[in-house]
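Owing to the predicted nature of the structure, the values given are computational and were not obtained by experimental measurement.
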Amino acid sequence: MTEGTGKMSSRRQSIGEERYSDADADLIRRQIGGTLLAEIGARNFVGMEDGLMFAFGPTRSSKVRKIIVKLNAADLYVSEVGYLKRPEYSWDVVDQAFDVHVDALRETVRRLAARGLDV
């Protein structure tokens with residue numbers, strides 16, 4: 001992984017299980033950028049107490065791909081890409097990025113989206 005894009009982990013436990021400080025979902029959305037969100041087909045934005053979740057990719061698929069971006073206590077971003085497998089709707093984590101600086105957030109989301117489409 002290139003320097004400044006955050007640390008990657010082989011851990012496949014959802015980041016939703018950890019606690020982070022409050023984050024403004026609209027701010028995260030602006031920091032990712034509308035152009036990138038349009039490129040990856042982002043939709044169904046959900047503001048969470050501590051971040052933002054959205055679906056992306058093809059709409060007619062057996063997998064509903066989602067990206068979650070959260071702000072941690074160190075004021076860095078933690079993100080993961082995964083999918084809901086139908087019909088049981090189980091959450092499978094594909095890739096994660098930890099301690100991502102705001103300057104690297106856009107590229108991290110782009111990379112996670114590419115990884116999510118590969119599965």
Side-chain angles (χ1 to χ4, degrees):
M1 175 165 215
T2 59
E3 185 175 313
T5 59
K7 298 176 186 173
M8 295 305 301
S9 171
S10 60
R11 185 176 79 120
R12 293 293 181 242
Q13 183 178 8
S14 177
I15 62 174
E17 298 171 6
E18 299 178 21
R19 291 190 60 98
Y20 296 94
S21 62
D22 289 343
D24 184 2
D26 289 332
L27 177 62
I28 294 172
R29 191 172 171 174
R30 286 192 310 268
Q31 288 174 334
I32 294 171
T35 304
L36 175 59
L37 293 172
E39 284 176 19
I40 65 174
R43 63 189 179 284
N44 301 336
F45 294 90
V46 177
M48 303 167 65
E49 179 181 336
D50 53 359
L52 176 69
M53 178 175 65
F54 57 91
F56 72 99
T59 57
R60 298 196 185 265
S61 173
S62 62
K63 298 176 183 177
V64 179
R65 294 164 176 91
K66 295 188 179 284
I67 291 179
I68 300 172
V69 180
K70 295 185 176 188
L71 189 65
N72 67 19
D75 206 25
L76 298 171
Y77 288 101
V78 177
S79 21
E80 74 181 15
V81 62
Y83 59 90
L84 290 173
K85 222 181 327 179
R86 292 180 182 158
E88 64 275 0
Y89 290 100
S90 63
W91 177 249
D92 288 336
V93 176
V94 174
D95 203 352
Q96 298 171 316
F98 295 90
D99 299 332
V100 178
H101 191 270
V102 68
D103 295 341
L105 181 60
R106 191 170 292 154
E107 190 54 39
T108 300
V109 169
R110 182 186 317 273
R111 186 183 49 74
L112 289 174
R115 281 279 294 134
L117 291 173
D118 286 344
V119 292

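- Counting only residues at least two apart or on different chains, no salt bridge (Lys or Arg N to Asp or Glu O under 4.0 Å) pair has a member in residues 25-34.
- Shortest non-hydrogen contact noted between Arg111 and Ala97 is NH2-CB, 3.8 Å.
- Under the rule for a side-chain contact (heavy atoms from CB on, under 4.5 Å), the partners of Val102 that lie at least two apart in sequence or sit in another chain are Gln31, Tyr77.
- In this structure, the side-chain contact (heavy atoms from CB on, under 4.5 Å) partners of Ala113, at least two apart in sequence or on a different chain, are Ile40, Phe56, Ile67.
- With values rounded to the nearest 0.5 angstrom, Lys70 atom NZ is found 11.0 Å from Phe98 atom CZ.
- Of the inter-residue distances, the one linking Phe54 atom CZ with Leu37 atom CG reads 5.5 Å to the nearest 0.5 angstrom.
- Residues meeting the side-chain contact (heavy atoms from CB on, under 4.5 Å) test with Ala74, sequence neighbours left out: Asn72, Leu76.
- The closest side-chain heavy-atom distance from Arg65 to Val94 is not below 4.5 Å.
- Taken to the nearest 0.5 Å, the CG atom of Leu27 stands 10.0 Å off from the CD1 atom of Ile32.
- Scanning both residues, Gly116 and Val81, for their nearest heavy atoms gives CA-CG2, 3.9 Å.
- Among residues two or more places apart in sequence or in another chain, the side chain to side chain donor-acceptor pair (under 3.5 Å) test is passed with Arg110 by Glu39, Glu107.
- The distance from atom OG of Ser79 to atom CD1 of Ile28, rounded to the nearest 0.5 Å, is 9.5 Å.
- To the nearest 0.5 Å, atom CE of residue Met53 and atom NZ of residue Lys66 are 5.0 Å apart.
- Evaluation of the side-chain contact (heavy atoms from CB on, under 4.5 Å) rule for Asp92 yields Tyr83, Lys85, Ser90 as partners, not counting sequence neighbours.
- Closest heavy-atom contact between Gly47 and Ala25: CA-CB, 3.7 Å.
- Linking Ile, Leu, Val, Met, Phe, Trp and Tyr whenever their side-chain heavy atoms come within less than 4.5 Å puts Trp91 and Val64 in one cluster.
- For the side chain to side chain contact (heavy atoms under 4.5 Å, CB included) with Val69, the qualifying choice from Val78, Leu105, Thr108 is Leu105, the only one to do so.
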